[in-house]
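Reminder, nothing fancy here: chain letters follow the sequence lines and each chain counts from 1.
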Amino acid sequence: MNQQDVKKESDPHLVQEELSDQELVRLEKWKKLKEKGIDVFPHRAEQTHSVFEVVREFFSLSPEELEDKHYQVKVPGRIIAIRKMGRATFFHLADFRDRVQVYLREDLIGKENYELFDLFDIGDVIQVEGRLFRTRTGELTILAEKMTFLAKSFHPLPEKWHGLQDIELRYRRRYLDLIMNPESGETFRIRSEIIRKMRQYFDERGFIEVETPMMHVMPGGALARPFKTFHQALGINLYLRIAPELYLKRLVVGGMEKVYEINRSFRNEGVDSQHNPEFTMLEFYQAYIDYNQLMEMTEDLFLVLAKEIHGREELQYGDNVISFRKPWARLKFKEAILKYSGLASDRLDDEKEMIELAATLTTDKKPVTYAKSLDVIFDKLVKEKIIQPTFIINPPREISPLAKANRQNPAEADRFELMMAGMELANAFSELTDPFEQRQRFEEQAAMRNTGDEESHLVDLDYVEALEYGLPPTGGEGIGIDRLTMIFTNQKSIREVILFPLLKPR
RNA sequence: GGCCCGUUAGCUCAACAGGUAGAGCAGCGGACUCUUAAUCCGCGGGUUGAAGGUUCGAGUCCUUCACGGGUCACCA
């Protein structure tokens with residue numbers, strides 16, 4: 001603490017030291033309220049309704065009904081607009097989901113109380129007690145009899161008409177975004193509903209929800225660079241999980257035949273409109289099924305979500321309408337490349353040519369194997385062109401080290417990636433259950449790692465040992481909740497569906 | 001990390017080609033007892049993201065830096 005801080009300690013001051021005239025005015029009002037003995041930060045408030053509940057319950061009642069019944073309410077909320085007209089004032093009180101008008105009359109609450117309202121500002125959280133009526137223009141309104149402070153607001157709110165537009169400020173001060181921009185609140189309400197409905201979906205089908213470690217001694221379950229940290233007391237390096245996969249399959253070994261985790265995972269990669277360093281997945285595993293059954297489940301799940309949340313089977317996303325009607329397109333990985341890249345099939349089979357082509361598409365790490373080259377080509381030339389929900393099935397086994405190989409073509413995996421709107425939404429496969437093969441796959445990965453591929457898997461012998469006890473045939477899938485929310489809320493950036501996306505400190 | 005764009009009053013935005021920074025909302029004072037982007041009259045509010053440079057003069061031109069957005073790279 002420097003001297004300046006010490007000097008100011010006796011006198012309350014705001015975090016921001018240089019105050020605007022408006023902030024000084026608010027501080028003055030607060031002092032006046034204190035002088036009057038008014039507690040602007042009380043411990044609790046009684047309420048009969050939230051703003052949202054008032055609107056929901058009384059919205060459809062006629063002026064006469066409201067007049068007859070004399071509905072008395074106590075409603076907390078934030079003042080978001082004031083219209084003063086001499087000895088009468090209208091203002092709007094808002095909560096997270098709605099707003100309701102309040103009417104204030106000097107002749108009803110008395111001169112002294114009416115003048116006290118001059119010390120109320122837009123942004124203050126208050127409680128209004130009064131009875132409901134309709135104005136001449138028909139708006140449901142609370143005729144105020146009593147008003148109490150619940151929290152004084154010391155900063156002016158953003159502009160009422162345009163809201164908060166500055167994208168950076170919207171992320172850094174999400175609370176302001178939520179106060180000012182109802183559509184932002186709606187996005188996060190839908191996100192919450194997606195997660196709730198997903199839970200319900202899996203719970204109803206007999207799944208158990210679990211939580212597995214987020215701190216891993218050895219990161220695994222995906223091909224990605226991890227965040228590294230250190231445990232002081234144990235003196236060991238730890239990694240933030242890149243996926244819960246290997247732990248969840250250990251649980252299937254343990255008899256949890258249907259298991260899921262809504263998990264936050266962390267990947268130390270770039271940040272863009274489809275990637276945040278921490279992101280949320282739903283990962284689920286079901287014993288005795290394979291990836292074909294997972295495709296059916298996935299179609300069903302998305303369709304249920306669309307119908308229950310939006311009441312529709314297709315959703316507008318940007319310029320496209322995305323339809324979840326079954327069945328969805330299924331395209332083999334190589335066929336998808338043929339279809340969308342324009343490459344001829346004899347060239348696609350020319351391993352050398354594909355490795356060279358892939359090298360021209362990426363500047364960083366050069367793909368050295370045929371399988372990795374195809375993966376790059378898919379990413380660069382195909383992915384963005386797939387708009388409607390499409391299962392891309394049977395990608396190369398080499399880039400799927402945790403999936404069973406396909407029996408007809410062992411170079412391919414019994415796996416699919418679900419693409420839509422140019423994004424990967426889900427990734428699923430028939431889990432590799434043979435401990436000998438798993439160990440061999442890990443060793444292949446480790447060999448690639450030694451050639452400088454940081455994202456390859458490590459040899460996780462502890463996991464292989466679990467497989468040695470017997471993992472039944474199992475289908476497993478991960479669904480990106482953030483991206484799913486983007487589709488369901490028509491947002492182009494992942495930062496719009498994460499309350500506090502990672503930003504550099506100011 | 002590369003490239004492009006942005007950063008001006010609390011907020012939303014102006015300022016032609018370098019010539020002493022404006023408006024609306026919000027705020028303050030006044031009028032107004034059914035307004036709803038209330039209205040009317042008046043007033044205050046700025047280190048133009050930061051630091052250098054060019055110039056008689058920089059919000060504007062140049063350099064560097066910070067943060068954000070877009071895009072490419074990496075990735076889901």
Side-chain angles (χ1 to χ4, degrees), chain A residues 16 18-26 28-29 63 80-92 99-109 114 118 121-123 133-139 141 143 153-173 176 179-180 221-226 242-243 265-281 283 361-365 367 375-376 379-380 383 417-419 423-427 453-455 478-484 486 492-495 501 503-506:
Chain A
Q16 171 196 336
E18 279 183 35
L19 299 183
S20 68
D21 51 354
Q22 300 200 44
E23 285 153 343
L24 292 171
V25 165
R26 283 167 185 249
E28 281 308 309
K29 289 181 178 179
I80 53 161
I82 299 176
R83 292 175 296 281
K84 191 177 177 185
M85 298 166 308
R87 280 183 273 285
T89 297
F90 288 92
F91 64 90
H92 269 102
R99 54 167 63 185
V100 69
Q101 184 170 251
V102 180
Y103 184 37
L104 205 58
R105 295 172 60 112
E106 189 187 277
D107 57 6
L108 246 130
I109 60 166
Y114 191 77
D118 286 336
D121 283 301
I122 290 173
F133 76 108
R134 269 180 201 283
T135 60
R136 246 170 244 163
T137 51
E139 180 164 351
T141 302
L143 184 60
S153 175
F154 293 100
H155 300 289
L157 287 182
E159 207 233 5
K160 62 181 170 188
W161 191 241
H162 299 91
L164 183 64
Q165 295 296 321
D166 187 307
I167 294 171
E168 188 178 348
L169 271 184
R170 286 186 45 236
Y171 299 159
R172 288 189 196 278
R173 301 195 185 157
L176 284 181
I179 292 168
M180 299 309 298
L223 308 178
R225 190 189 309 144
I242 55 177
S265 289
F266 308 85
R267 298 188 185 175
N268 206 340
E269 313 275 3
V271 176
D272 64 27
S273 63
Q274 288 176 32
H275 303 261
N276 194 62
E278 52 180 305
F279 65 106
T280 305
M281 264 195 299
E283 238 180 64
L361 296 170
T362 171
T363 58
D364 200 55
K365 159 185 72 186
D375 200 27
V376 168
D379 252 27
K380 300 297 163 196
K383 189 165 78 176
E417 290 178 288
L418 171 62
M419 313 295 302
M423 296 189 283
E424 184 185 332
L425 263 284
N427 178 26
D453 186 346
E454 271 188 85
E455 283 157 6
I479 299 173
I481 301 288
D482 310 284
R483 290 179 182 175
L484 180 61
M486 289 168 68
K492 283 180 296 177
S493 169
I494 199 167
R495 275 168 246 124
L503 297 180
K504 281 196 184 183
R506 257 253 119 117

Would you mind reading off the distance between A:Ile479 atom CD1 and B:rA76 atom P, rounded to a whole angstrom?
-> 17 Å
Output all residues satisfying side-chain hydrogen bond (donor to acceptor under 3.5 Å, both in side chains) with A:Asp118, sequence neighbours left out; order by chain, then residue number.
-> A:Lys84
With A:Pro156 via side chain to side chain contact (heavy atoms under 4.5 Å, CB included) - residues at least two apart = A:Gln22, A:Glu23, A:Arg26
Spell out protein contact along nucleotides 64-70 of chain B as letters: B when the base is contacted, S when just the sugar-phosphate is, - when no protein heavy atom is under 4.0 Å; keep the 5' to 3' order.
-> ---BSSS
Pick base, sugar-phosphate or nothing for A:Glu417, based on heavy-atom distances below 4.0 Å to the nucleic acid.
-> nothing
With sequence neighbours excluded, residues passing salt bridge (Lys or Arg N to Asp or Glu O under 4.0 Å) with A:Arg170 | A:Asp177, A:Glu496
Should the ring pair A:Tyr103 and A:Phe90 be called parallel, tilted or perpendicular, given that the plane angle runs from 0 to 90° and is split at 30 and 60?
-> parallel
N/O-N/O pairs, protein side and nucleotides 29-31 of chain B side, under 3.5 Å:
none

Proximity to the side chain of A:Arg87 - top-ranked nucleotide from B:rC34, B:rA76, B:rU33 | B:rU33
Would you classify A:Glu23 as touching base, sugar-phosphate or nothing, given that sugar-phosphate means primed atoms plus P, OP1 and OP2, and contacts are heavy atoms under 4.0 Å?
-> nothing
So what's B:rG44 paired with, Watson-Crick or G-U wobble, going by both distances under 3.5 Å?
-> none
Could you tell me which residues satisfy side-chain hydrogen bond (donor to acceptor under 3.5 Å, both in side chains) with A:Thr135, sequence neighbours excluded, listed by chain and number?
-> A:Thr137
Has A:Arg134 got more than 12 heavy atoms of other residues, nucleotides or ligands less than 6.0 Å from its CZ?
-> yes
Check salt bridge (Lys or Arg N to Asp or Glu O under 4.0 Å) between A:Arg87 and all other residues, then give those that pass, not counting sequence neighbours.
-> none
A:Gly478 near the nucleic acid: base, sugar-phosphate alone, or nothing, with a heavy-atom cut-off under 4.0 Å?
-> nothing
Contact class for A:Gly270 (heavy atom, under 4.0 Å): base, sugar-phosphate, or nothing?
-> base
Where do N or O atoms of nucleotides 43-50 of chain B meet protein N or O atoms at under 3.5 Å, pair by pair?
| unit_1 | atom_1 | unit_2 | atom_2 | d |
| --- | --- | --- | --- | --- |
| B:rG44 | N2 | A:Asp21 | OD2 | 2.7 |

Could you check which of B:rU33, B:rA26, B:rC28 has an atom nearest any side-chain atom of A:Lys29?
-> B:rC28
Rounded to the nearest angstrom, tell me the gap between atom CZ in A:Phe154 and atom P in B:rG27.
-> 16 Å
A:Leu157 has an atom CG; how far is it from atom P of B:rA9, in whole Å?
-> 18 Å
Sugar-phosphate only, base, or nothing, as touched by A:Leu425 at under 4.0 Å among non-hydrogen atoms = nothing
Contacts of A:Arg506 meeting side chain to side chain contact (heavy atoms under 4.5 Å, CB included) (sequence neighbours excluded), chain-then-number -> A:Glu168, A:Arg172
In whole angstroms, how far is the P atom of B:rU12 from the CD atom of A:Glu159?
-> 8 Å
In terms of side-chain heavy atoms of A:Val25, which of B:rU12, B:rG27, B:rA76 is nearest?
-> B:rG27
A:Arg267 CZ - B:rA73 C1' separation (whole Å) = 18 Å
Taking atom P of B:rC40 as reference, at what distance in whole Å does atom CZ of A:Arg83 sit?
-> 16 Å
Partners meeting ring-ring contact (aromatic ring centres under 6.0 Å, His included) with A:Phe91 (sequence neighbours left out) | A:Phe117
For B:rG19, give its Watson-Crick or G-U wobble partner with both distances under 3.5 Å, or none.
-> B:rC56
Using a heavy-atom cut-off of under 4.0 Å over every strand shown, decide if A:Phe266 touches base, sugar-phosphate, or nothing.
-> nothing
Go ahead and name the base partner of B:rC34; Watson-Crick or wobble counts if both distances stay under 3.5 Å, otherwise write none.
-> none
Which residues pass the ring-ring contact (aromatic ring centres under 6.0 Å, His included) test with A:Phe279, sequence neighbours left out?
-> none
Can you see which heavy atom on A:Leu164 is nearest to which on A:Leu176, and at what distance?
-> CD2-CB, 3.8 Å
Just by distance, with hydrogens left out, do A:His162 and A:Gln165 show a side-chain donor and acceptor under 3.5 Å apart?
-> no
For A:Arg26, answer base if it contacts any base atom (sugar-phosphate contacts may also be present), sugar-phosphate if it contacts only those atoms, and nothing otherwise; contact means non-hydrogen atoms under 4.0 Å.
-> nothing
Look at all strands and tell whether A:Asp107 reaches a base, only sugar-phosphate, or nothing, counting heavy atoms closer than 4.0 Å.
-> base
Using purine N1 to pyrimidine N3 plus N6-O4 or O6-N4 for Watson-Crick, or N1-O2 and O6-N3 for G-U wobble, each under 3.5 Å, what pairs with B:rA66?
-> B:rU7
Contacts of A:Tyr114 that satisfy ring-ring contact (aromatic ring centres under 6.0 Å, His included) - sequence neighbours left out | none
Between A:His162 (NE2) and B:rC25 (P), how many Å, whole number?
-> 11 Å
Checking all strands, does A:Asp375 fall into the base, sugar-phosphate, or nothing category for heavy-atom contacts under 4.0 angstrom?
-> nothing
For B:rG1, which nucleotide in any strand shown is its Watson-Crick or wobble partner with both distances under 3.5 Å?
-> B:rC72
Nearest-nucleotide check on RNA chain B, A:Arg134 vs A:Gln165; residue mapping nearer the 5' end is A:Gln165
